[in-house]
Amino acid sequence: MKIIIGSDHGGFELKESIKQFLSDDIKTDIYDAGTFNSESVDYPDFGCPVAEKIQSGEFEKGILICGTGIGMSIVANRFPNVRAALCHDVYTARMSKEHNDANILVMGERVTGKDLAEELVRVWLAGKFQGGRHQRRLEKIADIEKAICSAQVEGIAER
Ligand code: RB5
């Protein structure tokens with residue numbers, strides 16, 4: 001499995017250490033979508049390419065990091081089929097996979113230390129979606145996405 005990872009400047013240092021962790025400990029291939037240094041950038045510019053590649057199915061799992069994780073989760077969850085979970089502790093990281101089948105893990109470098117962040121990645125990657133009633137709930141979210149998209153298309157057609 002290859003994991004796509006991205007950050008803004010606020011998440012750059014943590015991105016670099018998570019990349020190291022993924023390749024050394026988890027032994028997974030990584031596609032780094034940037035940013036590539038700590039110069040100030042805008043988080044949507046780096047969240048969008050990651051979310052797009054998850055939406056399209058090019059990648060199954062992604063990791064996004066900014067200062068708090070909030071901006072990246074707002075951006076990523078704009079994309080259909082993306083379920084981005086901002087996690088701060090091991091319990092939410094595990095539940096984000098078991099109940100929500102999160103396909104992007106989001107973290108905040110300014111709120112989550114390196115060791116805990118590695119543990120969140122480990123737990124999220126090892127988690128198994130439980131399906132059942134949780135699948136039904138995800139289907140409802142997919143229905144909402146479809147309804148919003150088709151209402152927008154109808155709105156455009158009526159203009
Ligand atoms: C950048 O200063 C910061 O606003 C960004 O990394 C993120 O925390 C936004 O939600």
Side-chain angles (χ1 to χ4, degrees), residues 1-26 28-127 129 134 137-138 140-142 144-149 152:
M1 184 197 16
K2 196 168 180 178
I3 294 179
I4 184 166
I5 188 166
S7 78
D8 70 352
H9 58 291
F12 173 68
E13 295 295 336
L14 184 58
K15 172 168 73 67
E16 294 307 298
S17 70
I18 291 296
K19 273 166 55 186
Q20 196 75 44
F21 170 72
L22 285 170
S23 76
D24 294 353
D25 290 49
I26 308 282
T28 186
D29 291 330
I30 301 144
Y31 177 91
D32 187 349
T35 188
F36 299 108
N37 57 53
S38 49
E39 266 172 48
S40 182
V41 290
D42 298 333
Y43 58 81
D45 296 342
F46 295 89
C48 280
V50 171
E52 269 168 3
K53 285 179 170 46
I54 295 290
Q55 181 192 355
S56 69
E58 190 176 337
F59 287 85
E60 199 187 316
K61 290 180 178 172
I63 297 174
L64 282 171
I65 308 170
C66 61
T68 58
I70 296 170
M72 284 299 198
S73 53
I74 291 172
V75 169
N77 281 313
R78 289 286 184 275
F79 288 74
N81 303 323
V82 166
R83 294 174 300 279
L86 171 55
C87 296
H88 297 110
D89 55 66
V90 169
Y91 179 72
T92 48
R94 182 160 61 82
M95 297 309 275
S96 77
K97 179 47 75 177
E98 290 186 4
H99 284 195
N100 310 108
D101 200 18
N103 46 19
I104 297 184
L105 172 67
V106 189
M107 297 182 291
E109 178 181 317
R110 295 174 190 161
V111 286
T112 302
K114 173 181 164 296
D115 290 356
L116 176 57
E118 290 178 359
E119 199 51 30
L120 301 190
V121 170
R122 189 194 297 282
V123 164
W124 173 68
L125 286 175
F129 179 51
H134 305 295
R137 291 159 188 169
L138 296 192
K140 287 190 175 185
I141 294 171
I144 292 166
E145 284 172 355
K146 278 188 213 124
I148 291 170
C149 284
Q152 283 168 343

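Whatever order the structure lists ligands and atoms in, that order sets their numbers, starting from 1.
- Which parts of ligand 1 touch Cys66 is read off a 4.0 Å heavy-atom cut-off, strictly below it: atoms 6 (O), 7 (C), 8 (O), 9 (C), 10 (O).
- A donor-acceptor contact shorter than 3.5 Å links the side chain of Thr28 to the backbone of Met1.
- The backbone N or O of Thr92 lies less than 3.5 Å from a partner atom in the side chain of Asp89, making a donor-acceptor pair.
- The single protein non-hydrogen atom nearest to atom 8 (O) of ligand 1 is Thr68 N, 2.9 Å, given as residue, atom name and distance.
- In terms of the side-chain hydrogen bond (donor to acceptor under 3.5 Å, both in side chains) criterion, Glu58 has no residue partners (sequence neighbours excluded).
- A donor-acceptor contact shorter than 3.5 Å links the side chain of Asn103 to the backbone of Asn81.
- At a threshold of 4.0 Å, the pair Glu118-Arg122 does not count as salt-bridged, since none of the basic side-chain nitrogens sits closer than that to a carboxylate oxygen.
- In this structure, the protein non-hydrogen atom closest to atom 10 (O) of ligand 1 is Gly71 N, 2.8 Å.
- Remark: minimum distance from atom 9 (C) of ligand 1 to any protein heavy atom is reached at Tyr43 CE2, 3.5 Å.
- In terms of protein heavy-atom proximity, atom 6 (O) of ligand 1 is closest to Asp8 OD2, 2.6 Å.
- Using cut-offs of 30° and 60° on the angle between ring planes, the pair His134 and His99 is parallel.
- Of the candidates Arg110, Met72, His9, Arg110 brings a heavy atom nearest to atom 3 (C) of ligand 1.
- Residue-to-ligand polar distances place Gly67 within reach of ligand 1: an N/O pair is separated by less than 3.5 Å.
- The closest approach between Glu109 and ligand 1 stays at or above 4.0 Å for every heavy atom of the residue.
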